[in-house]
Amino acid sequence: MKKTHIATLKKERFDDFISALARLQKVVAPVARGNGQFAFEPVVSGNEIALDYIPTILPPKKYFLPQHETLATFDTTKGQQMEPVVAYEKMVIFGVHTCDLAGIQSLNMIFSERPKDVNYLIRKSAITIIGYECNDYCDEYASCRLVHNHTPNGGYDLFFTNLGDKFIIHINTQAGDDIIESAGLFEPAQAADLKALEQLRSDKRKLFANEVPVVHENIPEVFAKSFNSKVWEDLGKKCLACGNCTNVCPTCYCFDVIDEPNLDLKTGKRYRRWDSCQSETFAQVAGGESFREERGARQRHRFYRKFKYPMNKFSRLFCTGCGRCSRTCMAKINLKETLTQLVKEQAMTDLKAGNQ
Amino acid sequence: MAKPKVAFFDFACCEGCQLQVANMGELLFDVLGAIDVVEFREVMSEKGPDKIDVAIVEGSITTPHAVEKIKKIRERASVLIAYGSCATIGGVNGMKNNFKLDDIRKEVYGKDAKYFETIETMSVPQVVKVDYLVNGCPVYLPEFVKVLKAALAGLPYQVPDYSVCVECKLNENVCMYQKGVTCLGPVTKAGCNSWCINNGNICYGCRGMVSNPNEKGAKDVLEKYNIPMDLIVNKMNMYNKCREIDQREQKKR
Amino acid sequence: MKELILKDSEYEIKRGKIVRTKMMTEQEKLFEIVLPGGDNLDHDPGQFVEVSILGAGEAPISIASSPTKRDSFELVVRNVGRVTGALHKLETGDEVGIRGPFGKGFPVRILEGNDLLFVAAGLGLVPLRSLINFVIDNRRDFGKVTVLLGCKTPDNMLFGDELESWRKRLDVNLNCTVDKADPEWKGNVGLITSLIPGVTLKPKRTFAVVVGPPIMYKFVIQELLKKEIPDRQILVSLERHMKCGLGKCGHCQINGIYCCQEGPVLSYDRIKSIPEAL
Ligand SMILES: Cc1cc2nc3c(=O)[nH]c(=O)nc-3n(C[C@H](O)[C@H](O)[C@H](O)COP(=O)(O)OP(=O)(O)OC[C@H]3O[C@@H](n4cnc5c(N)ncnc54)[C@H](O)[C@@H]3O)c2cc1C
Ligand code: SF4
Ligand code: SF4
Ligand code: SF4
Ligand code: SF4
Ligand code: FES
């Protein structure tokens, strides 16, 4: 890291920093919602921010791909007349964990791939991202270590790490530098600060364990062989198809497109809304045929969309390890347990094959 | 173009849904701008015209007399909208089906029971053809308006067949299960924008179950959260009892 | 919050004008559509468009006419729901919104010089017709042409007049079958699969093109394999739930592939390793 790209901010100045930033533009950050839950919400001061938070109910994808988004407004008085639109807002997202940074990077790939999604891209270009390092493991659901997202892999303008009495900040882009410059609250990093950061990262290597009996590189292989695994059937028996696991996932981006006319029945809007591959009707066509009728097949689809299909297409796992899907599932379907079962099942099969 | 003639009718229910309409506020004026209300509340009076464009029916069918009435309404109306849980799925009135009919008569009318005829509670679509369903107890007004627009435009309206959780998550509520409280959201049809949970209550399943609920899975979930089975059966029964009539019919076929 | 009107949105629609309609059966209606300024849709046979009626929504519909018909294109729509129902109420002079064409159609360049065996059931004839007419309009460029058609009953048969004109041609072999005949029916009765064994063909130089309802594929492909047609020379067009047509919304996904982008036309060679395809 070049030294000029590093700054520090004293803890006591944090509140000033956020307040100053919020006077210039909208700032959203994690805030506590009770029952150990958090959500990204607009803030005007640093005191509102929950720095020690576990992944928010919804990931920051809601700012890039809003739950409901108007794609066009229409007026049919003189025929099929419509105007494609985008609503966007300049804002800073403060406090994005490394798993969620990876989630945003994944969505960026999807929506910049041709045919490009201009709505997403315009919104993206109006958002500044300030990452925030986890110094400790969130909870038993997180699997960021497995997918190597426990430390930053880019995707931010600024990145904050908490060093106790101060933050050390990596300045990654010009937009990030502009924020540092205009705030006038930051100081150059000293050698001791860099050392502290190094120490913290090396401590993290011990603290963050991979609890799934497989390494990152071998995951695609596991999935290459598990399409007909009994594990999916078992998940199907437990799953209520509520759709929570996909809606909270930072890399689920499926949507439905819906028309909503006004009461005059002439004007109205066409909008998109998050949709879930877990719901019964998602893959149904006229005639009633559904291509993933079994809940187990839908669960399998969800996992394959994280661990296999994007690997083939983008050489990237789409599971960020945030643990949201497991945390939110009332049927207690657990991603780490599922992976473990798949790995174990395969070890058994391989063993049997070897014995023959 | 003349405004479509719309009439409201009610059967066995608490009239809470009509109250909802009366409480519509601003939206009511917009709606009234688009329609012409010809009959409100009075059932089968001579008042309204013979032909109405849209009949909006509330309440469930619990007497032979009601069966006749709803059939007449159907004949008069080009479009029939069943509105509120009592009408669409039998609703709370369906709880009656937990008991033997004779017992109910005795319970309600005492020794005069033999003079009162009563039948199994049925939802409106179990008696006549219904064009649109507005589920909910009471109805969720934005959905009611959505259905009304569909009816006026001559477009079908599909009650969402995914769970209330979907809307609940989009609203970023803290899940009731995180609070250690049970909630029927996962097996209940969406469309109400999860307004109960938005307001701090659990989902009671008032809109009816999704078409293919994982009932076994749901029971397992409740056990995991140490929720007594009876409690939940009662909750489900509260709105979903009339489903049994459909299931029985399906078996016959 | 700022709102911007987009000039380059993929959701923009073109305003198509309906210049002709025809009820083909009780459920299916044909629409002939002209784009603004008489623009050419510029599609490949087998591609589809997203048809919209603002207020009702959008639905993916196969292009039923050949690209050799340049000034207008045709769609055949079965009334099954919200959008298709609204479409059925439209008449000549009305407008529809058009996005597309989308997806990969039939690889006509690869088909050139080969014998063709068309197998269509039900609504499958609609996308296939765009290719059959293309082949007939460029008849010299192709080898032997055989068309096998199946449907429920004779009055369900689409494009009756056109079928007659194909039947009369020297250079097309046409054979039809129905599940249930009526007194006037002179053709075959039985499933479409029953027609395949009777076809004589040179497997190495034959491409089979199959379009029909989801359940049909497995059985027809089995028959074609018995005829020793190579896997990569069996082409199918798969129907899936589709919303965006842009490879984003996820509805059309078959395992790892987006059917709206990589399909709807796919070779058996490709899909036999894709468990969700058939
Ligand atoms: C590539 C492709 C080509 C097609 N070509 C034709 C054609 O040439 N002619 C024709 O009549 N139909 C065609 N279809 C089918 C047609 O798209 C659907 O019948 C139509 O989308 C239903 O929309 P709706 O609003 O009328 O129905 P809805 O009221 O939305 O629903 C009715 C039923 O249709 C299913 N459905 C809804 N939306 C879709 C969708 N986008 N795709 C598939 N099924 C859906 C629903 O699950 C439901 O079972 C094609 C579909 C695809 C994918
Ligand atoms: S959150 Fe759990 S119950 Fe709900 S769809 Fe996902 S896996 Fe199934
Ligand atoms: S699959 Fe689960 S753990 Fe992985 S990114 Fe999605 S929500 Fe997070
Ligand atoms: S509170 Fe109820 S409706 Fe909301 S996500 Fe939880 S279970 Fe589903
Ligand atoms: S949240 Fe549940 S109980 Fe409340 S209105 Fe919706 S369906 Fe009814
Ligand atoms: S239709 Fe949306 S991804 Fe294919």
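Values reported hereafter were calculated over all heavy atoms of this structure, with side chains retained and with hydrogens, waters and symmetry mates removed. Predicted model, so just to flag it, every value in this text is computed and none were measured. Each chain gets a letter, A, B and so on, in the order its sequence line appears, and its residues count up from 1.
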Q. Relative to chain C, which segment of A:Val86 carries a heavy atom at a distance below 4.5 Å: side chain, backbone, both, or neither?
A. both

**Q.** Interchain contact, C:Ser52 with chain A, by part (heavy-atom threshold 4.5 Å)
**A.** both

Q.
Could you tell me if C:Glu12 and C:Ser9 have a donor-acceptor pair between their side chains, going purely by distance under 3.5 Å?
A. no

**Q.** Option passing side-chain contact (heavy atoms from CB on, under 4.5 Å) with C:Leu35 (candidates C:Asn40, C:Leu41, C:Asp42, C:Asp71)
**A.** C:Leu41

Q. With chain C, which of A:Ala283, A:Pro261, A:Pro84 has the greatest number of heavy-atom pairs at distances under 4.5 Å?
A. A:Pro84

Q: Heavy atoms only: give me the nearest A:Phe64-A:Pro60 pair and the separation to one decimal.
A: CD1-O, 3.4 Å

Q: Before giving the answer on side chain to side chain donor-acceptor pair (under 3.5 Å), spell out for C:Glu223 and C:Thr193 the whole-Å C-alpha distance, their side-chain angles and the decisive distance to 0.1 Å.
A: CA-CA 7 Å; C:Glu223 291 299 323; C:Thr193 38; 5.8 Å; no

**Q.** Portion of A:Asp256 that has a non-hydrogen atom of chain C nearer than 4.5 angstrom
**A.** both

Q.
I'd like to know which of C:Gln253, C:Lys7, C:Lys243, C:Glu276 tops the heavy-atom pair count under 4.5 Å against chain A.
A. C:Gln253

**Q.** Option in C:Leu54, C:Leu246, C:Val83 with maximal non-hydrogen atom pairs under 4.5 Å from chain A
**A.** C:Leu54

Q: Just give me the residue among A:Lys90, A:Arg300, A:Gln81 that pairs up with chain C most often, heavy atom to heavy atom, under 4.5 Å.
A: A:Gln81

Q) With chain C, which of A:Glu113, A:Glu289, A:Arg305, A:Glu83 has the greatest number of heavy-atom pairs at distances under 4.5 Å? A) A:Arg305

**Q.** Option from A:Tyr120, A:Trp274, A:Phe111 for which ring pair (Phe, Tyr, Trp, His ring centres under 6.0 Å) with A:Tyr253 holds
**A.** A:Phe111

(Q) Please classify the contact between A:Ile122 and chain C as side chain, backbone, both or neither, with a heavy-atom cut-off of under 4.5 Å. (A) side chain

**Q.** Side chain / backbone / both / neither for C:Tyr258 at chain A, heavy atoms under 4.5 Å
**A.** side chain

Q) Is chain C contacted by the side chain of A:Tyr304, its backbone, both, or neither, given a heavy-atom distance below 4.5 Å? A) neither

Distance-only donor-acceptor hits, side chain of residues 57-65 of chain C, under 3.5 Å, sequence neighbours excluded:
unit_1	atom_1	unit_2	atom_2	d
C:Glu58	OE1	C:Arg99	NH2	3.0
C:Glu58	OE2	C:Arg99	NE	2.7
C:Glu58	OE2	C:Arg99	NH2	3.4
C:Ser65	OG	C:Glu74	N	2.9

Q) Mind checking whether A:Phe307 and A:Phe223 have parallel, tilted or perpendicular rings, split at 30° and 60°? A) parallel

**Q.** Portion of A:Thr267 that has a non-hydrogen atom of chain C nearer than 4.5 angstrom
**A.** neither

Q | Residue, of C:Gly256, C:Cys249, C:Cys244, that accumulates the most heavy atom pairs under 4.5 Å with chain A | A | C:Cys249

Q: Just do the side chain to side chain donor-acceptor pair (under 3.5 Å) check on C:Thr21 and C:Lys29 with the steps written out, would you?
A: CA-CA 7 Å; C:Thr21 68; C:Lys29 188 167 178 174; 4.6 Å; no

Q) If every non-hydrogen atom of C:Lys17 is compared with every non-hydrogen atom of C:Gly93, which pair is closest and at what distance? A) CE-O, 3.5 Å

(Q) Between A:Lys266 and chain C, with a heavy-atom cut-off of 4.5 Å, which part of the residue counts as in contact: side chain, backbone, both or neither? (A) neither

Q. What part of C:Asp94 gets closer than 4.5 Å to chain A, counting heavy atoms only: side chain, backbone, both or neither?
A. neither

Q.
By the salt bridge (charged side-chain N to carboxylate O under 4.0 Å, His left out) test, which pairs, at least two apart or in different chains, include something from residues 244-262 of chain C?
A. C:Glu262-C:Arg270

(Q) Please classify the contact between C:Arg82 and chain A as side chain, backbone, both or neither, with a heavy-atom cut-off of under 4.5 Å. (A) side chain

(Q) Between A:Arg270, A:Glu89, A:Lys269, A:Arg114, who has the most heavy-atom pairs with chain C when the cutoff is under 4.5 Å? (A) A:Arg270

**Q.** Side chain, backbone, both or neither of A:Asn312 within contact of chain C (heavy atoms, under 4.5 Å)
**A.** neither

Q: Quick one: which of A:Glu260, A:Lys313, A:Arg292, A:Met91 has the most heavy-atom pairs under 4.5 Å with chain C, could you say?
A: A:Arg292

Q) Can you name the closest pair of heavy atoms from C:Ile271 and C:Ala277 and give their distance? A) CB-CB, 3.7 Å

**Q.** Residues A:Thr246, A:Arg302; criterion side chain to side chain donor-acceptor pair (under 3.5 Å); working and verdict
**A.** CA-CA 8 Å; A:Thr246 58; A:Arg302 170 168 84 89; over 6 Å; no

